[in-house]
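One structure below.
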Amino acid sequence: MKFALKCSPGQSIPKKGRKVAIIGAGPAGLGAAGYLICKGYDVEIYDKLPEPGGLTIFGIPAWRLPRDNIRAGIKELAELGVVFHNRIKVVGDLDEHNDGDEFAEKKIKLEDIINSFDATLIATGTWKSRELGVPGDKLRGSYLALDFLYRIYAHENGYLPPEAVYKVGNAVAVIGAGLTAVDAALESQMKGAGDVQVMYRRTINEAPAGKAEINRLIQKGIKFIELTNPVEVIGKETVEALKLIKMKLGKPDKSGRPAPEPVPGSEYVVPINNVISATGELPTPPFKDGYAGIKLRHNNSIDVDAKYRTSRKGVFAAGDVATGPSLIGKALATGIKAAGAMEEYLETGNWSQ
Ligand SMILES: Cc1cc2nc3c(=O)[nH]c(=O)nc-3n(C[C@H](O)[C@H](O)[C@H](O)COP(=O)(O)OP(=O)(O)OC[C@H]3O[C@@H](n4cnc5c(N)ncnc54)[C@H](O)[C@@H]3O)c2cc1C
């Protein structure tokens, strides 16, 4: 995947003598880096993982997105002069543990980066899965989808030993119907689970992954159970069963989709060995609302204007940490747009509307 769309290695690019920091080497950060390096800015990218690429290398299966292609684009950025600082977690006033943090060997304060560079872009994505939030969801054998998946891919990439990858039994229930749920179900099947069920509180028509992806699962022998929702994970120390309640569709909710409503008295129990929560990822800015003058929205995403400017002068945010979970193409596009706004700011010094 080409990230430097407007130049190639070997081309002479006049230097601007201005430094830009990017936090997060996913599609948004890489797209911004490609834009800015081609314009002659010095670009340094900080990432907590051992290799750049974000979810494209550590969250998405290689059979869906070949990694060689992403790596070729990153190599080109390095040849153009982008400096990659891997295994560094950038922190603000919040030091909670997110998926992938175990790879970081060093921490750097965000405020120090902001003060050392002429402009900063935050593109830290969504490295936390939403929990099921029902009794028993912390039992052994109950996993969060991104934690489950990134361990598999970090192992494939040679960064984690096989014992760090979570094991699955024969019966696995995956809760959710987005791409993460699809991948968690397929990976469970590939790891030997014989009875994989994807359980969703709405119907296939509302599944965020789309009907085609769900039908592909069904063709592979994975069951898709519509209109059901977990109420309890049952077990002593490890997961033994899942208690669910049947749902029906009501009037459209804020999302515009029909609201799932529980059917009273319809609870039932299915025996399972593992449950995987794939009910969504959450934005992970490494700071609380107001740190370094940067505002967050109620859903923890970074509050940006149409030019991807945060409430702190010289600091921009793009990708899923600003928009909420999206897709590679959208994250890349917001990174490039933010980089255009960074260029405008660096050229004019203008921060007013
Ligand atoms: C399981 C899964 C499957 C998906 N499948 C698809 C798909 O098939 N097609 C598709 O188009 N989209 C898919 N998506 C969505 C897509 O991957 C994302 O929309 C996209 O990667 C977001 O790009 P980003 O740059 O905003 O964030 P990310 O790709 O998440 O990159 C963020 C980077 O920031 C780094 N970081 C985070 N916090 C810090 C910190 N404090 N300090 C330093 N570094 C930090 C992370 O290590 C990471 O490298 C999938 C998402 C998931 C979770």
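Sequence positions, counted from 1, serve as the residue numbers for this chain. Each ligand, and each atom within it, is numbered from 1 in the order the structure gives.
- Evaluated by nearest non-hydrogen atom to atom 51 (C) of ligand 1, the leading choice among D99, T323, L55 is L55.
- Polar contact check, S326 against ligand 1: a nitrogen or oxygen pair lies under 3.5 Å apart.
- Residue L49 places a heavy atom less than 4.0 Å from ligand 1.
- If you check each of F148, F287, W127 against atom 30 (O) of ligand 1, the one with the closest non-hydrogen atom is W127.
- For the pair D47 and ligand 1, the shortest N or O to N or O distance falls below 3.5 Å.
- The part of L179 lying near ligand 1 is the side chain, judged by heavy-atom distances below 4.0 Å.
- Residue, atom and distance of the protein heavy atom nearest to atom 8 (O) of ligand 1 are R64 CD, 2.7 Å.
- At least one side-chain heavy atom of F148 sits less than 4.5 Å from a side-chain heavy atom of V168.
- When non-hydrogen atoms are compared, ligand 1 lies under 4.0 Å from the side chain of E281 (C-beta onward) but not from its backbone.
- Between D101 and ligand 1 there is no heavy-atom distance shorter than 4.0 Å.
- Near D183, with a cut-off below 4.0 Å to any heavy atom, the atoms of ligand 1 are 3 (C).
- In terms of N/O distances under 3.5 Å, ligand 1 is not approached by L149.
- Heavy-atom proximity to atom 2 (C) of ligand 1, evaluated over G324, A278, G59, is greatest for G59.
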Determine all donor-acceptor pairs shorter than 3.5 Å in which one atom belongs to a side chain in residues 46-53; sequence neighbours excluded.
{"residue": "D47", "atom": "OD1", "partner": "L49", "partner atom": "N", "Å": "2.9"}
{"residue": "D47", "atom": "OD2", "partner": "A25", "partner atom": "N", "Å": "2.6"}
{"residue": "K48", "atom": "NZ", "partner": "D99", "partner atom": "O", "Å": "2.9"}
{"residue": "K48", "atom": "NZ", "partner": "D101", "partner atom": "OD1", "Å": "2.9"}
{"residue": "E51", "atom": "OE1", "partner": "R71", "partner atom": "NH2", "Å": "3.1"}
{"residue": "E51", "atom": "OE1", "partner": "Y159", "partner atom": "OH", "Å": "2.8"}
{"residue": "E51", "atom": "OE2", "partner": "R71", "partner atom": "NE", "Å": "2.5"}
{"residue": "E51", "atom": "OE2", "partner": "R71", "partner atom": "NH2", "Å": "3.2"}

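- In this structure, D289 and K295 have side chains that are in contact, with non-hydrogen atoms separated by less than 4.5 Å.
- Between atom 12 (N) of ligand 1 and the options I328, I113, T334, the minimum heavy-atom separation is to I328.
- Note: an N/O pair closer than 3.5 Å links A28 and ligand 1 by distance alone.
- Counting heavy atoms under 4.0 Å from ligand 1, residue P27 touches it through both backbone and side chain.
- At under 3.5 Å, a nitrogen or oxygen of D320, whether backbone or side chain, sits near a nitrogen or oxygen of ligand 1.
- The aromatic rings of Y166 and Y143 lie parallel to each other, with less than 30° between the two planes, well short of the 60° mark.
- Applying the side chain to side chain donor-acceptor pair (under 3.5 Å) criterion to K313, with sequence neighbours excluded, gives no partner residue.
- Looking at T284, V321, V90, it is V90 that brings a heavy atom closest to atom 41 (N) of ligand 1.
- Both cation-pi conditions hold for K246 and Y268: the charged atom is under 6.0 angstrom from the six-membered ring centre and inside a 45 degree cone around its axis.
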